[in-house]
**Q** 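Before I ask anything, let me first share the structure, which is written out below as structure tokens.
Computed over heavy atoms, backbone and side chain alike; hydrogens, waters and symmetry mates excluded. Numbers for residues simply follow the sequence, beginning at 1.
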Amino acid sequence: MKHKKSVGILLCAMLVGSGILAGCGNADTPNSSLSSQTSSAPTGSTIEAPSRVDTPSNAEVNKNMTLTQMGYGREKLHILFPTVAGLDVPQKVNPVNTMIQQDTLAILNKYDGSEGTFEYQVVYNDGKILALRYTAALTTKGAAYPTNVAFTTNVNLETGERISSGAPEKASEIAARLVSGKGYQVEGEEELQQAVITALKAMEEKTLTESIANADFGPDKTPTVFTSYAGEQKVTISLPVEHALGDVAHLTIDWAAPVQEPEQPVNSEGTSSSLPESTVPSKPGETSSATPAQASASAVESGVAQPSQV
């Protein structure tokens with residue numbers, strides 16, 4: 001019990017205090033290209049990047065768009081990022097690329113002097129919404145070991161504007177799920193998954209709620225948590241954890257999927273013991289007597305809010 005409490009206190013301190021990217025929200029930003037930086041931003045240069053081109057999945061618009069990998073860096077700190085081309089409305093190309101480049105420059109400014117390379121994952125791209133997650137293992141001068149870092153970018157390809165993943169608007173519900181240990185998946189091997197779930201169950205729900213509500217880049221924000229839009233009913237969350245758990249935990253919440261409950265015990269005659277028909281909660285932290293079908297429908301109805309501008 002004492003260990004569980006100490007883990008919870010440590011994680012709370014990481015979320016509120018140091019944060020993954022504290023201080024990035026007001027970083028200098030470039031114009032339409034990384035070579036056109038403001039005079040106060042540290043200098044840098046393009047770097048050779050491995051060949052990589054991504055295209056949207058099941059696109060109804062921007063079917064011919066491409067994401068081509070580019071590289072930029074300062075000394076031993078590098079970042080690989082995509083540049084967008086082939087949008088149906090060419091005027092939106094520059095705003096989209098500027099949004100992506102603003103975030104990469106904020107990260108380079110924050111970790112200037114560190115060593116490592118950020119790589120990106122296309123979490124979602126249907127031609128309308130693009131969600132990117134960047135990760136790196138960075139080494140700072142005098143550090144005994146590298147530290148894993150993550151950040152995300154969510155952009156509306158049709159408007160060229162930053163959007164919300166939907167997670168900040170449902171911060172209290174997400175925090176309740178994380179503390180309950182149910183209703184989400186943790187990336188990584190099974191042993192790591194269980195360790196992260198145990199740590200999250202020791203967290204203060206209020207602290208998690210505040211951190212998730214303030215997630216992602218935006219005006220005057222210093223986020224410690226980053227999220228990605230992953231579909232109409234789905235989000236991914238990257239939040240700080242202790243170094244033994246990998247520094248950053250990546251979680252997925254699928255609001256359309258029913259929360260899994262333990263199987264009911266079976267008596268000697270092969271029938272279920274006397275338990276409620278279903279204990280699938282209608283809301284995090286609540287129980288319900290609804291049937292499995294009703295519970296599934298309820299989960300769909302309580303899905304992630306539609307993306308909105310930050």
**Q** Could you point out which residue of Thr135, Leu239, Val196 forms a side-chain contact (heavy atoms from CB on, under 4.5 Å) with His250?
**A**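 Running side-chain contact (heavy atoms from CB on, under 4.5 Å) over Thr135, Leu239, Val196 with His250 returns exactly one hit, Thr135.
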**Q** Should Val93 and Leu87 count as side-chain neighbours, where that means a heavy-atom distance under 4.5 Å?
**A**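 With C-beta onward as the side chain, the pair touches.
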**Q** Decide, yes or no, whether a salt bridge links Glu187 with Arg133 under the criterion of side-chain N to carboxylate O below 4.0 Å.
**A**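 Here Glu187 pairs with Arg133 in a salt bridge, since their nearest N and O are under 4.0 Å apart.
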**Q** Leu251 versus Ile253: any side-chain heavy-atom pair under 4.5 Å?
**A** no
**Q** Taking Leu80's backbone N and O only, do any of them form a donor-acceptor pair with Gln69's side chain (distance below 3.5 Å, no angle check)?
**A** no
**Q** With heavy-atom distances below 4.5 Å as the criterion, would you say the side chains of Thr55 and Leu67 are in contact?
**A** no
**Q** Quick one: does Val123's side chain get under 4.5 Å of Asn154's, heavy atoms only?
**A** no
**Q** Quick check: does any side chain N or O of Thr98 sit under 3.5 Å from a backbone N or O of Pro95, one acting as donor and the other as acceptor?
**A**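 No, the answer is negative, given that no donor and acceptor are paired below the 3.5 Å cut-off.
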**Q** If only atom types and distance count, is the side chain of Asn97 paired as donor or acceptor with the main-chain N or O of Thr83 below 3.5 Å?
**A**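 Absent.
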**Q** Measuring only between side-chain heavy atoms, which start at C-beta, is Leu157 closer than 4.5 Å to Val61?
**A**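 No; the side chains remain at least 4.5 Å from each other.
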**Q** Less than 4.5 Å apart, side chain to side chain, heavy atoms only: is that true for Asp216 and Pro223?
**A** no
**Q** Heavy-atom count check: over 12 atoms from other residues, nucleotides or ligands less than 6.0 Å from Gln185 CD?
**A**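 Count over threshold, so yes.
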**Q** Tell me the closest heavy-atom pair linking Thr227 and Pro168, and the distance in Å.
**A** OG1-CD, 4.3 Å
**Q** With side chains defined as the heavy atoms from C-beta onward, is the minimum distance between Tyr72 and Thr104 less than 4.5 Å?
**A** no
**Q** Within the distance-only criterion (no hydrogens, no angle test), does the side chain of Asn62 pair as donor or acceptor with the backbone N or O of Met65 below 3.5 angstrom?
**A** no
**Q** Look at the side chain of Ser180 and the backbone N and O of Lys182, then say whether any donor-acceptor pair between them is shorter than 3.5 Å.
**A**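 Judged by distance alone, yes, a pair lies under 3.5 Å.
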**Q** I'd like to know if the side chain of Asp126 and the backbone of Ile129 have a donor-acceptor N/O pair within less than 3.5 Å.
**A**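 Between the backbone of Ile129 and the side chain of Asp126 there is a qualifying donor-acceptor contact (under 3.5 Å).
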**Q** In this structure, is the centre-to-centre distance between the rings of Phe151 and Phe118 below 6.0 Å?
**A**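 Ring centres of Phe151 and Phe118 closer than 6.0 Å.
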**Q** For Tyr229 and Tyr124, I'd like to know if the aromatic rings sit close, meaning centre-to-centre distance below 6.0 Å.
**A**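 Under 6.0 Å, so yes.
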**Q** Return the minimal non-hydrogen interatomic distance between Asp247 and Thr147, and the atom names on each side.
**A**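 Reported closest heavy-atom pair: OD2-CA, 3.5 Å.
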**Q** Is a side-chain donor or acceptor of Gln193 paired with a backbone partner of Val186 at a separation under 3.5 angstrom?
**A** yes
**Q** Salt-bridged, Asp103 to Arg162, with N to O below 4.0 Å?
**A** yes
**Q** Is the shortest side-chain heavy-atom distance between Leu138 and Leu77 below 4.5 Å?
**A** yes
